[in-house]
Amino acid sequence: QERLRQESIKQAERARHVKYKKQEEEREVIRQGIREKYNIEKPVNEDEEEEDEDDEDGFGASRRKEEEEDDDPVAQAQKLAEKHMADAKKMAEEKCVLQ
């Protein structure tokens with residue numbers, strides 16, 4: 001009984017974590033649009049990399065993030081759009097040199 005309670009608590013915590021991570025990703029999309037509009041570089045934050053490593057707690061199915069994105073058509077489309085945007089920026093930077 002105690003084990004089930006602990007497991008349900010962990011599951012609720014994971015669901016909460018996923019919810020807030022999704023909200024943060026939506027905010028990041030908005031921030032990226034603002035950065036692109038005003039040509040602001042993204043600040044480097046080493047804390048984000050450390051947080052991603054803590055996501056795995058050893059319970060349930062352990063799928064890698066890349067595998068999850070491969071199954072999600074929205075994530076695939078976003079990844080493709082980001083790649084095309086980066087390529088376009090790179091070409092524009094090569095062709096347009098400010099003097």
task = Check whether more than 12 heavy atoms from other residues, nucleotides or ligands sit under 6.0 Å from atom CD of Glu2, and answer yes or no.
result = yes
inquiry  = If I take atom CD from residue Glu41 and atom CZ from residue Arg35, how far apart are they, to the nearest 0.5 angstrom?
reply    = 10.5 Å
request  = Begin with the C-alpha distance, continue with both residues' side-chain angles, and end with the deciding distance and a verdict on salt bridge (Lys or Arg N to Asp or Glu O under 4.0 Å) for Lys21 and Glu25.
outcome  = CA-CA 6 Å; Lys21 189 172 185 178; Glu25 288 171 356; 5.1 Å; no
request  = Kindly give the heavy-atom pair with the smallest separation between Lys89 and Glu36, and that separation in Å.
outcome  = NZ-CG, 3.3 Å
inquiry  = If hydrophobic residues (ILVMFWY) are linked whenever their side-chain heavy atoms come closer than 4.5 Å, directly or via other members, who joins Ile34 in its cluster?
reply    = Ile30, Tyr38, Ile40
request  = Under the side chain to side chain contact (heavy atoms under 4.5 Å, CB included) rule, collect the residues that match up with Glu82, sequence neighbours excluded.
outcome  = Gln78
ask   = After noting the C-alpha distance and the side-chain angles of Glu7 and Gln11, does the key distance pass the side-chain contact (heavy atoms from CB on, under 4.5 Å) rule?
value = CA-CA 6 Å; Glu7 189 174 321; Gln11 186 176 6; 5.6 Å; no
request  = Give a yes or no on this: more than 12 heavy atoms of other residues, nucleotides or ligands lie within 6.0 Å of atom CD of Gln32.
outcome  = yes
ask   = Are any non-hydrogen side-chain atoms of Arg31 and Glu24 less than 4.5 angstrom apart?
value = yes
